[in-house]
Number of protein chains: 2
Amino acid sequence: MTAERLSKERLRLWLRMLRVTRQVESTLRERLRTEHDTTLPRFDVMAALYADGNGLKMNELSRRLRVSNGNVTGIIDRLVEDGCVERIAIEGDRRATRVCLTDAGRASFSKMATEHERWINALFEGVAEEDAHHIGELLHRLPTPLHDAT
Amino acid sequence: MTAERLSKERLRLWLRMLRVTRQVESTLRERLRTEHDTTLPRFDVMAALYADGNGLKMNELSRRLRVSNGNVTGIIDRLVEDGCVERIAIEGDRRATRVCLTDAGRASFSKMATEHERWINALFEGVAEEDAHHIGELLHRLPTPLHDAT
DNA sequence: AAAAAATACTTTAAGCTTAAAAATTTTAAT
DNA sequence: ATTAAAATTTTTAAGCTTAAAGTATTTTTT
C-alpha cells in the first residue's frame, strides 16, 4: 500500500511541476513577445551562445538545448535573418558551421537576460533561498536520464 | 547582496525545473508515440475528459489545459478522426459543443493512464515521499498566476 | 584507392502552438 | 424590436517541434 501511495504522490508532484513550468513558460513567452519581439526558443538559443564565447556548432546547440537538429536549423535561420547570429565556416570541415552571436545579438540578449532574471525572481517570490536550494538539489539528484550538467 | 544571491538561486531552480520537466515530457512523448501511437497533447486532452464524466466544452478544455482555443480545435479534430472523442451539440446554445470520450477512447485512455503512472513513478524514483510532498506543497504555494486548483 | 561507415547538417511531412481575425449565436441595452 | 456587446468556436498566418529521409563531407575499412 505504501508503494501505491508513493506512486500517487510522485504523480501529483509531476503534475504540479508541469503546471508551474507551463505557467512560467507562458509568462516568459508573453513578455519576450511583447517587450522584446522575440520568442522563448530564440531566447534559449541566444542564451546558449552567450554563455559560450566562441560560438557553438549546430550539433552542440542541438545537444545542449535537447532539441532536434532540424529544429535548430529553423531557429538559426530566423536569428540570422534578424541579424542576431551568424554562421561561420569551420576550416577543415566543410560539413559543420559555427554559430556566433553578432554584436547586435549579444547586446540584445544582455538586456533580455537582465529582465529575464527579474521576471523569474518575481514569479518565484514565494520560494525562500533554502527551499530553492533544497528543491534544486533534489531535482539535480534525479536518476540518470533526467539530469545533466548545469 | 542577499537579494542578489536569492535571485540567482531562484533562477538556478527555474532552470533545473525546466530541464527536468522537458526531459520527462520528452520521455513521455516518446513512449506515447511508440507504445500507444499517440501524442502528449492528445493524452492531456483525454485525461481532462476522463476526469470529468460528462464531457467538457471546448472552452472549458482550453481553460483547464491552459492552451489556446484554436489549439484545442485542432487536437479535437484529430481525436474525432481517430474515434476517441465526439462532439455533441448542446441544446439551447448552438455556439458551443460538448466534447466526450467515446467508449473506445475511454478504454484506450484507461490503459495509457496506468502505464503513465508507472513511467512517472520510475522517473521520479529518487524522490522520497516526504520530499515529493514537500516540493508539491511549495509549488502549490507559489504566487497567484502560477498555481491553480489541482 | 575504393567502398563503407560515420558525421554534420538540411529538408520534409505531420502535428503542436499562439495571437489575431472572422463567423455564429446569444445576451444585454436602448 | 433593434442594436450593441459578449460569448463560443473556428480559421489563419507564423513559428516551433519531431522523426525520418536526404545531401554533402569526412573518416575508417578493406
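Letters go in sequence order (proteins before strands), and every chain restarts at 1.
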Quick one: which of [options] gets closest to the side chain of [X]?
{"X": "B:E30", "options": "D:dT10, C:dC9, D:dA19", "answer": "D:dA19"}
{"X": "A:N59", "options": "C:dC16, D:dT26, C:dC9", "answer": "C:dC9"}
{"X": "A:D93", "options": "C:dA20, D:dT26, D:dT9", "answer": "D:dT26"}

key: Inter-residue atom distance A:T38.OG1 - A:L32.CG, 0.5 Å rounding   = 6.5 Å

key: CG on A:D44 to CE on A:M46, rounded to 0.5 Å   = 11.5 Å

Verify the contact: side-chain N or O of [X] to OP1 or OP2 of [N], cut-off strictly under 4.0 Å; return yes or no.
{"X": "A:T39", "N": "D:dC16", "result": "yes"}
{"X": "A:N71", "N": "D:dC16", "result": "no"}
{"X": "A:R33", "N": "C:dA20", "result": "yes"}
{"X": "B:K57", "N": "D:dT8", "result": "yes"}
{"X": "A:R87", "N": "C:dT10", "result": "yes"}
{"X": "A:R94", "N": "D:dT26", "result": "yes"}

message = Let's test your reading of the model: under 3.5 Å, does the base of C:dT7 pair with the side chain of A:R95 as donor and acceptor?
response = yes

key: Given DNA chain C, 5'-ward residue of the pair A:T73 and B:R42, judged by closest heavy atom   = A:T73

task = Pick base, sugar-phosphate or nothing for B:I75, based on heavy-atom distances below 4.0 Å to the nucleic acid.
result = sugar-phosphate

task = Just call it for B:T97: base, sugar-phosphate, or nothing, with non-hydrogen atoms closer than 4.0 Å on any strand.
result = sugar-phosphate

Can you tell me the distance, in whole Å, between the [atom1] atom of [X] and the [atom2] atom of [N]?
{"X": "A:L32", "N": "C:dT18", "atom1": "CG", "atom2": "P", "result": "15 Å"}
{"X": "B:I76", "N": "D:dT8", "atom1": "CD1", "atom2": "P", "result": "17 Å"}
{"X": "B:R31", "N": "D:dA19", "atom1": "CZ", "atom2": "C1'", "result": "18 Å"}
{"X": "A:M58", "N": "D:dT25", "atom1": "CE", "atom2": "C1'", "result": "16 Å"}
{"X": "A:R66", "N": "D:dT18", "atom1": "CZ", "atom2": "P", "result": "12 Å"}
{"X": "A:I90", "N": "C:dC9", "atom1": "CD1", "atom2": "P", "result": "7 Å"}
{"X": "B:N69", "N": "D:dT12", "atom1": "CG", "atom2": "C1'", "result": "14 Å"}
{"X": "A:D77", "N": "D:dC16", "atom1": "CG", "atom2": "C1'", "result": "13 Å"}

task = Answer yes or no: is there an ion pair linking B:E91 with B:R98, defined by an N-O contact shorter than 4.0 Å?
result = no

key: Salt bridge present between A:R22 and A:E25 (N-O < 4.0 angstrom)   = no

Salt bridge (Lys or Arg N to Asp or Glu O under 4.0 Å) partner of B:E117, chosen from A:K8, A:R10, A:R12 = A:K8

inquiry  = If you compare all heavy atoms of A:V72 against all heavy atoms of A:S62, which two are closest, and at what distance to 0.1 Å?
reply    = CG2-CA, 3.7 Å

request  = Could you pick out which residue, B:G70 or B:R63, lies toward the 5' side of DNA chain D when each is mapped onto its nearest nucleotide?
outcome  = B:R63

